[in-house]
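Below is one structure, written out as structure tokens; the observations come after it.
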2 protein chains.
Amino acid sequence: MKTYSISEVAKELNLTVYTLRYYDKEGLMPFVERTPNGNRLFKESDISALKVIECLKATGMPIKEIKTFIDWCSEGDSTLEQRYKMFLERKANVEAQMEELKKTMEIIQHKCSYYKTAMDGGTEDIHKKEKLAKP
Amino acid sequence: MKTYSISEVAKELNLTVYTLRYYDKEGLMPFVERTPNGNRLFKESDISALKVIECLKATGMPIKEIKTFIDWCSEGDSTLEQRYKMFLERKANVEAQMEELKKTMEIIQHKCSYYKTAMDGGTEDIHKKEKLAKP
DNA sequence: TATAGACTTCGAGTTAACTCTATGGTTTGG
DNA sequence: CCAAACCATAGAGTTAACTCGAAGTCTATA
């Protein structure tokens with residue numbers, strides 16, 4: 001079975017070796033084995049697990065909470081419900097983030113056209129004047 | 001014209017007074033006036049500007065870059081193009097974030113059903129066994 | 001008039017998530 | 001056989017974005 005060194009994994013996941021070692025220090029990678037002289041030896045499944053960790057990070061989950069999840073994984077089937085609930089919560093969280101981003105996007109688009117008009121008119125005053133109908 | 005104290009603005013924008021003062025310290029609020037004895041006096045337009053700042057923050061823009069934008073605003077019409085470009089970049093950035101979130105969501109949903117099945121089956125092994133057809 | 005409850009500044013402290021430095025152990029090619 | 005290029009650890013340093021404490025000012029009310 002193919003294995004990988006820390007720098008290979010770092011390259012594959014677009015992380016630095018520092019970051020990977022930091023994750024390990026924080027307890028996110030208890031599954032990674034070592035060579036006799038202590039080097040980390042990553043299996044394909046370890047890379048998959050790291051991708052899940054990256055996914056959880058992308059949802060905004062702090063590393064301490066990700067560790068809790070990893071601990072649950074190590075504990076086995078007795079924690080299946082907790083893990084399921086956690087993912088449901090993450091899902092709700094991501095949905096909320098999407099909503100938030102949508103609102104943000106609307107404002108940004110509004111600003112884009114605001115500045116387009118202002119630029120074309122040569123001045124921002126164009127927006128102030130439009131609102132006051134000439135008497 | 002109605003004005004607001006720092007704590008009123010904090011409440012309205014769901015920020016703390018500490019955060020508002022921090023923003024001011026960082027130069028994000030050069031427009032906010034003061035009472036004769038030094039208290040900040042927020043106008044409606046200041047609150048609008050703060051909402052734009054919050055929007056930029058929501059796009060993931062760091063405070064130093066937001067300050068650059070605020071400085072451009074203070075400089076007037078000569079910076080209209082820069083500001084327009086900045087919003088276009090922000091828009092692209094938010095679009096990228098949305099894409100990223102979508103991918104994240106797919107993995108999360110996948111995990112939700114993975115754990116649902118595992119929970120119902122009482123063990124995670126259900127997923128490993130499915131892949132190896134019985135010989 | 002004094003106490004409470006706003007507000008102010010300055011600067012220190014906190015937290016998360018890296019990021020790096022120092023030091024040292026293997027392995028490998030010229 | 002030794003220098004380069006990996007790997008390791010421990011622990012210090014960095015950065016962003018707050019967050020707070022101390023000390024002081026102002027204003028309104030009992």
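To find a chain, count down the sequence lines: A is the first, B the second, and so on, and within it residues start at 1. Below, each value reflects all heavy atoms present in this structure, side chains not excepted, and no hydrogens, waters or symmetry copies. Small disclaimer: the values here were computed from a predicted structure and weren't measured.
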May I ask you to say whether B:E8 pairs ionically with B:K11, meaning some side-chain N is under 4.0 Å from a carboxylate O?
no
Starting the side chain at C-beta, find the nucleotide from D:dC6, D:dA8, C:dC7 nearest to A:S7.
D:dC6
Once you round it to whole Å, what is the distance between P of C:dA17 and CD of A:E54?
12 Å
For A:L15 and C:dC20, what is the distance between atoms CG and P respectively, to the nearest whole Å?
14 Å
Is the terminal nitrogen or CZ of A:K111 (NZ for Lys, CZ for Arg) located under 6.0 angstrom from the six-membered ring centre of A:Y114 and within 45° of that ring's axis?
yes
Roughly how many Å is it from CZ in A:R40 to P in D:dC6, rounded to a whole number?
17 Å
Give the residues of residues 16-25 of chain A touching DNA chain C, defined as any heavy atom closer than 4.0 Å, sorted by residue number.
A:Y18, A:T19, A:Y22, A:Y23
Rounded interatomic separation in angstrom, taking CZ from A:R34 and P from C:dG25:
17 Å
Give, ordered by number, those residues of residues 61-74 of chain B having at least one heavy-atom distance below 4.0 Å to an atom of DNA chain C; if nothing qualifies, reply none.
none
Does the side chain of B:P30 come within less than 4.5 Å of B:I70's, by heavy atoms?
yes
Salt-bridge criterion met for B:E99 and B:K102 (N-O under 4.0 Å):
yes
Distance in angstrom units between A:N37 CG and C:dG24 P, rounded:
18 Å
Rounded to whole angstrom units, what separation is found between the CD1 atom of B:I6 and the C1' atom of C:dG5?
15 Å
Just checking B:S5: base, sugar-phosphate only, or nothing, at a heavy-atom cut-off of under 4.0 Å?
sugar-phosphate
Rounded to whole angstrom units, what separation is found between the CG atom of A:L41 and the P atom of C:dT27?
13 Å
Hey, are B:R83 and A:E124 close enough for a salt bridge, meaning a charged N less than 4.0 Å from a carboxylate O?
yes
Whole Å only: how far is the NZ atom of A:K11 from the P atom of D:dC7?
10 Å
When you check the side-chain N and O atoms of B:Y4 and B:E44, is any donor under 3.5 Å from an acceptor?
yes
Can you tell whether the side chains of B:D24 and B:R21 come within less than 4.0 Å, N to carboxylate O?
no
Without hydrogens or angle criteria, can the side chains of A:N93 and A:E89 be said to hold a donor-acceptor pair below 3.5 Å?
no
Does the side chain of B:F87 come within less than 4.5 Å of B:L56's, by heavy atoms?
yes
